[in-house]
Amino acid sequence: AQKITQTQPGMFVQEKEAVTLDCTYDTSDQSYGLFWYKQPSSGEMIFLIYQGSYDEQNATEGRYSLNFQKARKSANLVISASQLGDSAMYFCAMRSVIIQGAQKLVFGQGTRLTINP
Amino acid sequence: ETGVTQTPRHLVMGMTNKKSLKCEQHLGHNAMYWYKQSAKKPLELMFVYSLEERVENNSVPSRFSPECPNSSHLFLHLHTLQPEDSALYLCASSPRKGLTSTDTQYFGPGTRLTVL
């Protein structure tokens, strides 16, 4: 069974610093996808970045990048030049299976990131 | 209106009440999902619909009853809930795609449910 582990319940970072949020995963599948979501206090899950298991390059989206180390089964999210608006819960997720075109996602416990001014 | 919307945003109900949560997506997707998010627990997938057909039911108690009348709308009917059912209920949608798709799920803002 697929599993996502996020070992940092909370992180505190100074504004403008870079921050790395850890994510490790466990799967026996050869093909899989990894996602990061941001959840502000409003509750909505906002998609940030995606990494496919066969992608040779690390994914990047603006200030977000994914440090994908396949052999170590890790997919850490790096946020550069953090901003106050980055304060939120962050979830790592893995697409575990496709059922009739619909996808099942397995989520980690999340990391609460707080950016200090 | 764009994206995924959910109503109501907040709901307080007694254990004997019957209520329904509504989700609507304006993205042209044809797979929809219900998740439960309890405090200090990972998101739990409850139901999955693909082209209005339920394709996954993750051992959810029968007091939760989903309905998908068309690809744009998803309901969660609630009856005789328990206090431990209090949680944030999130709806999501995605396009129907294959295993290597980069498409992800798009979430609504959730309904914060409190069962007294």
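All chains are named by letter (A, B, ...) in the order of the sequence lines, taking the proteins before the strands, and each is independently numbered beginning at 1.
If you tally non-hydrogen atom pairs under 4.5 Å between each of B:Gly110, B:Ala31, B:Gly108 and chain A, the highest count goes to B:Gly108.
Within a 6.0 Å sphere centred on CZ of A:Arg112, other residues, nucleotides and ligands contribute 12 heavy atoms or fewer. Within a 6.0 Å radius of CD in A:Gln30, other residues, nucleotides and ligands contribute 12 heavy atoms or fewer. Heavy-atom neighbours of A:Glu56 CD from other residues, nucleotides or ligands within 6.0 Å: at or below the threshold of 12. Remark: A:Lys70 NZ is packed, more than 12 non-hydrogen atoms of other residues, nucleotides or ligands lying under 6.0 Å away. The 12-atom threshold is exceeded at CD of A:Gln14, counting heavy atoms of other residues, nucleotides or ligands nearer than 6.0 Å. More than 12 heavy atoms of other residues, nucleotides or ligands shown are found within 6.0 angstrom of NZ on A:Lys73.
Contact annotation for A:Gln39: only side-chain heavy atoms (C-beta onward) come within less than 4.5 Å of a heavy atom of chain B. Heavy atoms of B:Arg112 lying under 4.5 Å from chain A are absent altogether. Within the 4.5 angstrom heavy-atom criterion, atoms from both the backbone and the side chain of B:Gln105 approach chain A. For chain A, the nearby parts of B:Val55 are the backbone and the side chain; heavy atoms of each come within less than 4.5 Å. For B:Glu44, no part lies under 4.5 angstrom from a heavy atom of chain A.
Rounding to the nearest 0.5 angstrom, the gap separating the NZ atom in A:Lys104 from the OH atom in B:Tyr33 is 11.0 Å. For the atom pair B:Cys91 SG and A:Met45 CE, the distance stands at 13.0 Å (nearest 0.5 Å). Here A:Ile99 contributes atom CD1 and B:Arg54 contributes atom CZ; the two are 13.0 Å apart, rounded to the nearest 0.5 Å. One finds the CG atom of B:Asn30 at 11.5 Å from the CD atom of A:Gln100 (value rounded to the nearest 0.5 Å).
Placement of B:Leu74 and B:Phe47 within a single hydrophobic cluster is found when ILVMFWY residues are connected by side-chain heavy-atom separations under 4.5 Å, directly or transitively. Note: the hydrophobic cluster containing A:Tyr64 also contains A:Ile115 (ILVMFWY, side chain heavy atoms under 4.5 Å, direct or indirect links). Two different hydrophobic clusters hold B:Leu21 and B:Leu45 under the rule that ILVMFWY side chains link at heavy-atom gaps under 4.5 Å. At a threshold of 4.5 Å between side-chain heavy atoms, the hydrophobic network of Ile, Leu, Val, Met, Phe, Trp and Tyr places B:Val12 and B:Leu76 in two separate groups.
Counting all heavy atoms, side chain and backbone alike, A:Gln109 lies closest to B:Pro42 at OE1-CD, 3.3 Å. Summarising the geometry of A:Ala102 relative to B:Val48, their closest heavy-atom pair is CB-CG1, 3.5 Å, with the distance given to 0.1 Å. The minimum heavy-atom distance linking B:Arg9 with A:Ser42 is given by the pair NH2-O, 3.2 Å.
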*Could you please spell out the steps behind the side chain to side chain contact (heavy atoms under 4.5 Å, CB included) verdict for B:Gln37 and A:Phe107?*
CA-CA 11 Å; B:Gln37 186 178 26; A:Phe107 285 83; over 6 Å; no

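For the pairing with B:Thr104, the side-chain contact (heavy atoms from CB on, under 4.5 Å) check across A:Tyr50, A:Trp36, A:Phe35 returns one residue only, A:Phe35.
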